[in-house]
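First the structure, in the form of structure tokens, and then the observations on it.
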Amino acid sequence: MGEKEKKDIFESTWKFFASVKLAIFLLIILATTSIVGTIVEQQAEPAKNLELLSKLFGDTAAPTVYNIFAKLGFMDMYGSWWFVGFLVLFSINLIICSIDRFPKTWRLINTPQRPLSENAIKSMPVRKEATFNAKLNTAKDEFLNTLKASKYHVLEATEDNSIQLYTQKGRYARLAVYVVHLSIVLIFIGALIGIRFGFKGYLNLPEGRSSDSAYLSPTEPIPLDFVIKCNWYDTKYYADSDTPREFQSEIVIIENGKEVMKKVIEVNDPLVYKGITFYQANYGMLSSTAAGQFILDITPNGGQQNTVRLPYGGSFEIPGTGIKGTIVDFSTALTRDRYTGELKTYSEMMVNPAIAINFEMPNGEKFTGWILKRYPDTGILPGGHKIKFVDNWGIEYTGLQVAKDPGIWFIYTASILMGLGLYICFFISHRKIWVNIANDKKSVRISIGGSTNRNRLTFEKEIDKLLSHAAKAIEGRAPQK
Amino acid sequence: MSSSIFFDISAGAYIVAMIIYVAFLVVKNRTVGIIATTMTIFGFVMQSTALVMRWVTSFHFWASSNPESGYIESLLRAAPLRNLYESLIFFVWSLICIHLIIEFKYKNRSLGAFVTPIAALALLFIDVSGTAKEIQPLIPALQSNWLLFHVLLSFLGYAAFGVSFGAATAYIVTVTESKTEKTYIFWSIMIGIFLTILIAMGIDFLSLSVAERAELIRSHFLKATFRSESGGVVTASWIVSIAFTFAIWNFGIGLKKVLAGLSLTTEMLDDITYKSIAIGFPLFTIGGLIMGAIWANSAWGKYWTWDPKETWSLITWFVYALYLHARFVGGWRGKRVAILAIVGFIAVIFTYLGVNLVLSGLHAYGSG
Ligand code: HEM
């Protein structure tokens, strides 16, 4: 292959990747194919999608359609080779197109503006003409003032019988498109860095326990180079209801046996340590309550309150009364059945916890009562002694999402760039204005010409205003001359 | 007094305004136009009052159940953008606001007939979908400033897109020359479907008010017609709506004649379409995509998961990016770009409601 042919091939490939037609094609393809993945459930069990496909295509066709879809990668579409391929093409397109056009834009920005002939000004896309009964310099001063007042940096060219003012503003706004495009590339880079160097794992940590690794799956631990401990987990509810208000865990980071960080994390308020972020994701009950503790505040009538921590089955005595209590039952969510009136547990989760305590009075009399955490009144005994079920501990675990994503900084940077870029791109335009002021017998003849790269209507209004402001000023000065 | 009465008054005012705007297109009488605008402004004032009242109520609700929360935080958490109902209301509010601005800036009322039906559709949808209207406690995942700004900016963006949809529709209606054109078929059928849904929801609404309203009626959307329990009603609905769409197709060309007599120029409509997209696109990019991703990241450590709601936002974004490129660098002009603007808003509606209604939503609003 000769040098020339090589060059031709290079050039036509370049042209292909720099073309906006390809961009339009890719945008259409990406938009339409993305739809498939919103209908077919992604990374789901086959049965789910088979059921969905039977609804759409009938029972007999469903398995065949399923197989075809599976071969095409529709079941995990956004990671499939062809979808990723389109995204890669898209970014190549974006990069090459921007490189291809950048020099021209740069020239547009940096070419100095030159004065134009009056005829050229009269044929600009936006133009205005006027005549005033005034001196050349008076008119010039007023146009200069008006332009300066709108923060234009004005240049002048003087000829025998005329003066031209010319100026431009917002030329660097032409770069905004490139900033927007660059930010899209940065997002792709950030995503790739996240996939390559980050991880998304989880960690279920029982209250009071610690761990030195997170998990990608039950069999795939990821070692952390520190120890993380959960002091406690708690769900707060909206007053007397089962609607959660906050999920919280107190998390401690321990390094070399020393506590280096402690934080109460909530949804939307994670803990970050050494680039690894711990999110409050969920919570749950341990399968056994063996290690659990119940925290009770015991206050004899008229006496001092003291706090005890008891295991399941544990006993206590109300000081100075001889009343003994033993925890004999526990419910995560106690309610009275609406129809039968029997007590029952209505949720596996710690929604409305209660303990049953068997009391033994000094006279040998025994009875059992439920004390609910949510309703402290349930703990008032005959005789005015109070048992408050303050909390339980060691029965729940906190579910943490553990993520490391070094690419996130690219994403944040790109977000800011994209926001700024879009704002400048749409709301700041590159405007050029020429004002030619020529002596015309006893008066002056004004020709204004202008061009803008966008928001033409707004620019036309600006030119109208420029003329009327200057006109007012010139006419205001006229009598003094 | 409860805010709901003001919401009801404003919804009524908008629907009446829609009818008057349409009448204005036909009779072209200045007084009729002024009445339409006055009605819209009245509705807008009522709705603004209602929004503020609801905000205040939510504020007290939040502050009483979260005593540790500061004044500003309570104010933010109570902002009336917390569920599907409130966001739809806010959408209508922004749509009308932008519409009024355009009406005064361009000194032209004709666009009202294309924008107010979008508001009416949204308002009817609220009533017939059974969307919960009560002030609900905010679950932990939704207690985020990112989410608040995400919703605020996206809906402002959606409203701008709604205006561009109205203007683009008016545009293609205006440029249609004959009934044989493909664009004619496109817009007449689209308007047919649009009106069919509007009417079907109106029927839902009427049948709802006779049904027991005290109970929470969920998912009444199209229950009186297409999704009726009776097979006969379903068949009849389909037949009637197909006949109706056919009629619109048959007589729709008249709409073009109606518009032709107005001072709506194609340049102006094209300009409004573009300007609203130029406002909507940055808002939607920053608010809808970026802040949504940041919120997801701060709540779950994943900024993008390709869930249907996110993906549909991305599709919407692609369509509007397509509009901008096709128009400014691809050299597309006229009808083709107007159709892109229309498709863009259909994608918005799908992102907004379709994902929840049609595809089972994983998103927080899915339960709404
Ligand atoms: C979804 C991704 C993209 C976004 C959000 C985006 C955004 C933008 C925006 C906002 C503009 C300014 C439009 C206007 O003037 O109103 C623009 C212009 C442009 N875009 Fe993109 N773009 C994307 C993808 C692409 C791709 C893949 C190409 C590849 C060819 C491309 C090529 C261009 C060109 C050539 C211009 C015109 C630049 C100029 O005015 O000199 N864009 N883009």
Side-chain angles (χ1 to χ4, degrees), chain A residues 20-21 23-24 27-28 30-32 34-35 37-39 41-42 77-79 97 180 190-191 194 200 235-239 241 243-248 266-270 277-281 401-405 408 411-412 414-416 418-419 421-423 425-427 454-457, chain B residues 64-66 136-147 267 271 275 277-279 281-283 285-286 289-291 293-295 297-312 314-319 321-322 325-326 328-332 343 347 350 355 358-360:
Chain A
V20 177
K21 279 219 178 85
I24 290 179
L27 281 169
I28 295 175
L30 285 172
T32 43
S34 292
I35 297 174
T38 66
I39 298 166
E41 201 172 320
Q42 298 296 292
M77 195 193 113
Y78 305 108
C97 176
V180 175
K200 298 217 181 325
T235 312
K236 286 196 175 129
Y237 293 91
Y238 282 95
S241 80
T243 312
R245 180 160 70 86
E246 205 57 85
F247 306 115
Q248 294 178 322
E266 302 176 349
V267 183
N268 281 310
D269 187 14
T277 312
F278 297 89
Y279 300 88
Q280 180 70 60
Q401 170 97 33
V402 185
K404 180 180 168 189
D405 190 348
I408 197 74
I411 306 288
Y412 284 144
S415 302
I416 294 170
M418 188 181 287
L422 283 173
Y423 174 77
C425 177
F426 284 109
F427 299 110
R454 59 172 59 245
N455 298 337
R456 163 100 176 253
L457 291 180
Chain B
S64 67
S65 49
N66 294 271
Q136 294 148 321
L138 211 53
I139 61 167
L142 303 185
Q143 298 168 13
S144 150
N145 290 341
W146 289 116
L147 173 67
E267 288 85 49
D271 190 60
K275 280 241 170 73
I277 291 177
I279 292 168
F281 192 75
L283 283 174
T285 309
I286 298 165
L289 293 172
I290 296 179
M291 291 198 177
I294 295 178
W295 168 53
N297 191 54
S298 71
W300 299 291
K302 297 170 186 165
Y303 53 85
W304 194 261
T305 55
W306 293 103
D307 93 6
K309 196 108 186 167
E310 287 171 349
T311 309
W312 270 97
L314 188 69
I315 292 169
T316 304
W317 193 62
F318 281 148
V319 177
L322 190 60
H325 289 84
F328 287 97
V329 269
W332 289 24
V343 172
F350 206 84
V355 174
V358 183
L359 314 166
S360 62

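Letters A, B, ... are given to chains in the order of the sequence lines, protein chains preceding strands, and every chain is numbered from 1.
Looking at A:Ala403, the atoms closer than 4.5 Å to chain B (heavy atoms on both sides) all sit in the side chain, from C-beta outward. Residue contact with chain B, scored on non-hydrogen atoms closer than 4.5 Å, involves the side chain of A:Arg454 exclusively. Proximity to chain B (any heavy atom under 4.5 Å) is shown, for A:Ala191, by both the backbone and the side chain. When heavy atoms are compared at a cutoff of 4.5 Å, A:Phe247 approaches chain B by way of both its backbone and its side chain. In this structure, no portion of B:Phe328 lies under 4.5 Å from any heavy atom of chain A. For B:Trp300, the part lying under 4.5 angstrom from a heavy atom of chain A is the backbone only. For chain A, the nearby parts of B:Ile279 are the backbone and the side chain; heavy atoms of each come within less than 4.5 Å. B:Lys275 touches chain A through its side chain: at least one heavy atom from C-beta onward sits under 4.5 Å away, while N, CA, C and O do not. If you measure heavy-atom distances from A:Thr243 to chain B, the contacts under 4.5 Å come from the side chain alone. Within the 4.5 angstrom heavy-atom criterion, no atom of B:Trp304 approaches chain A. For A:Lys200, the part lying under 4.5 angstrom from a heavy atom of chain B is the side chain only. For a residue to count as touching a neighbouring chain, one of its non-hydrogen atoms must lie under 4.5 Å from one of that chain's; by this rule B:Trp146 does not touch chain A. For B:Ile286, the part sitting under 4.5 Å from any heavy atom of chain A is the side chain, from C-beta outward, and nothing else. If you measure heavy-atom distances from A:Glu246 to chain B, the contacts under 4.5 Å come from both the backbone and the side chain. Of the two parts of B:Asn297, the backbone and the side chain both hold a non-hydrogen atom closer than 4.5 Å to a non-hydrogen atom of chain A. Contact annotation for A:Ile35: both backbone and side-chain heavy atoms come within less than 4.5 Å of a heavy atom of chain B. Using a 4.5 Å cut-off between heavy atoms, A:Phe278 does not touch chain B at all. With a 4.5 angstrom heavy-atom cutoff, A:Asn268 touches chain B via backbone and side-chain atoms both. When heavy atoms are compared at a cutoff of 4.5 Å, A:Gln280 approaches chain B solely by way of its backbone atoms N, CA, C and O.
Taking CG from B:Leu314 and OG from A:Ser34, the interatomic distance works out to 6.0 Å, rounded to the nearest 0.5 Å. Rounded to the nearest 0.5 angstrom, B:Thr311 OG1 and A:Ile39 CD1 are separated by 11.0 Å. Taken to the nearest 0.5 Å, the CD atom of B:Gln143 stands 7.5 Å off from the CD atom of A:Glu266. Distance check: A:Ile411 CD1 to B:Tyr303 OH gives 3.5 Å after rounding to the nearest 0.5 Å. Distance check, rounded to the nearest 0.5 Å: OG of B:Ser65 to OH of A:Tyr237 gives 15.0 Å.
Looking at every heavy atom in both residues, A:Val267 comes nearest to B:Ala299 through CG1-CB, 4.4 Å. Across all non-hydrogen atoms, the minimal contact from B:Ala326 to A:Ile24 is CA-CD1, 3.8 Å. Scanning all heavy atoms of the two residues, the minimum distance from B:Ser298 to A:Pro270 falls at O-CD, 3.9 Å. Scanning both residues, A:Val20 and B:His325, for their nearest heavy atoms gives CG1-O, 4.4 Å.
Your options are A:Thr32, A:Val180, A:Asp269, A:Ile408, and the one with the most heavy-atom pairs under 4.5 Å with chain B is A:Ile408.
Aromatic ring pairs are classed by plane angle as parallel below 30°, tilted from 30° to 60° and perpendicular above 60°; the pair B:Phe281 and A:Phe426 is perpendicular.
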